[in-house]
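Lettering follows sequence order; numbering is per chain, from 1. In this text the structure is predicted, and so the values were computed from the model without any measurement.
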2 protein chains.
Amino acid sequence: MTKDMTPEEQDARHAEKMKKKKAARDKILATKTIEKGLVIVHTGKGKGKSTAAFGMAFRQIGHGNKIAVIQFVKGAWNSGEKAVLEKFPELVTIKAMGEGFTWETQDRQKDIENAEAAWAEAKKAILDPEIRFVLMDELNIVLRYDYLPIDEVTSFLQNEKPEDTHVVITGRNAKDELIEIADLVTDMTLIKHPFRSGVKAQEGIEF
Amino acid sequence: MTKDMTPEEQDARHAEKMKKKKAARDKILATKTIEKGLVIVHTGKGKGKSTAAFGMAFRQIGHGNKIAVIQFVKGAWNSGEKAVLEKFPELVTIKAMGEGFTWETQDRQKDIENAEAAWAEAKKAILDPEIRFVLMDELNIVLRYDYLPIDEVTSFLQNEKPEDTHVVITGRNAKDELIEIADLVTDMTLIKHPFRSGVKAQEGIEF
């Protein structure tokens, strides 16, 4: 179709199309006026759940906002991310809880204790009026194993989280109850993974 | 089922299950021995494509590795991320090309020129032996509009990219030809978005 057009006709057609697209986009944006703290969930089997959450944390830091990061599962953490976060001690609170993935410890009672301690830190950070962004990394794993009651978490987020505080929750298998109360949910879907062809975890990519 | 078990029985059962899980996981990890620079693609309609890519960039910075970030579409960029990247001038090369989203400029020839200039910078960064990680942010958008020939991009990545350099390409609608040659592809799938309920773009979340 466009093959029969001169370059000038193609350009004119393109300009017209883009003009319509911009008008439609501006119209939609004009209807978005509410500002509020969001409950954000990153789930799915693909990569990027924690990485995107840390990316948002770095954004907040870039804007000069105070943030907190709570680690619910040890070993899920990235030494690279930690090194960058530690460059901003005046803005960043890190609570690294947990004793390792559950398949490392094999001790359910200990895991439950760690989950409860991490949740207590998370609640403190969320209620802190100076902190506007709290990342609860791998909380979904802990909820999935019922180390924390899901009702307690959803009820706290709905009733006690300050209006203007954002929280981000990561991990596979997000519970339906959490998705129900969340504002923004993204499923990171695995399309292709190099592990399948024998490539190992590499510095700066996986850790 | 677990309801009839004593807490001690539940714990023992859990320990056994986790032990098996750890053994299976260790066995799989032992087969992963190849180390190589990956071609990584973040696509899909959901959020987190660029954010996760920037998260990986921050990881690299945390490990003290040099990185480059090439912006193919202006306006896609986050002032927060930029502020943090600029804190590491000795490690970070930023090339912000482009004149705005295509529906802003409505000028196809100008868009093509910008795309070509950005691609030239990207190739330079990828070939730089000191740089091991190159983020080509929103390259998929440019490829989708055929502002750059897809064959040129895939051929360069397959034949000229140094073995140990990672590249990350973001943007919706990744072309099949790109997915074909990529090592790691993740589709960020939108499950729930606050825009639907009238919430506007917010500092540190969207920008």
Pick from B:Thr189, B:Thr186, B:Thr43: which one makes a side-chain hydrogen bond (donor to acceptor under 3.5 Å, both in side chains) with A:Thr189?
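When side-chain hydrogen bond (donor to acceptor under 3.5 Å, both in side chains) is applied between A:Thr189 and each of B:Thr189, B:Thr186, B:Thr43, only B:Thr189 qualifies.
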Under the rule for salt bridge (Lys or Arg N to Asp or Glu O under 4.0 Å), what residues qualify as partners of A:Glu8, not counting sequence neighbours?
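For A:Glu8, no residue satisfies salt bridge (Lys or Arg N to Asp or Glu O under 4.0 Å) once neighbours in sequence are set aside.
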Roughly how far apart are [X] [atom1] and [Y] [atom2], rounded to 0.5 Å?
{"X": "A:Phe58", "Y": "B:Thr51", "atom1": "CZ", "atom2": "OG1", "result": "12.5 Å"}
{"X": "B:Leu184", "Y": "A:Leu190", "atom1": "CG", "atom2": "CG", "result": "7.5 Å"}
{"X": "A:Arg59", "Y": "B:Lys82", "atom1": "CZ", "atom2": "NZ", "result": "14.5 Å"}

So, for [X] and [Y], which heavy atoms are closest and what is the spacing to 0.1 Å?
{"X": "B:Lys47", "Y": "A:Met188", "answer": "O-CE, 4.2 Å"}
{"X": "A:Ala52", "Y": "B:Gly48", "answer": "CB-O, 4.0 Å"}
{"X": "A:Gly62", "Y": "B:Ala83", "answer": "O-CB, 3.5 Å"}

What orientation do B:His14 and A:Tyr145 show, parallel under 30°, tilted 30 to 60°, or perpendicular over 60°?
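Rings of B:His14 and A:Tyr145: perpendicular, over 60°.
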Please flag which part of B:Lys87 lies under 4.5 Å from any non-hydrogen atom of chain A: side chain, backbone, both or neither.
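It is the side chain, since no backbone atom gets that close.
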Taking distance alone, no hydrogens or angles, what donor-acceptor pairs closer than 3.5 Å link side-chain atoms of residues 174-181 of chain B to residues at least two apart or in another chain?
residue  : atom : partner  : partner atom : Å
B:Lys175 : NZ   : B:Leu143 : O            : 3.4
B:Lys175 : NZ   : B:Asp146 : OD1          : 2.9

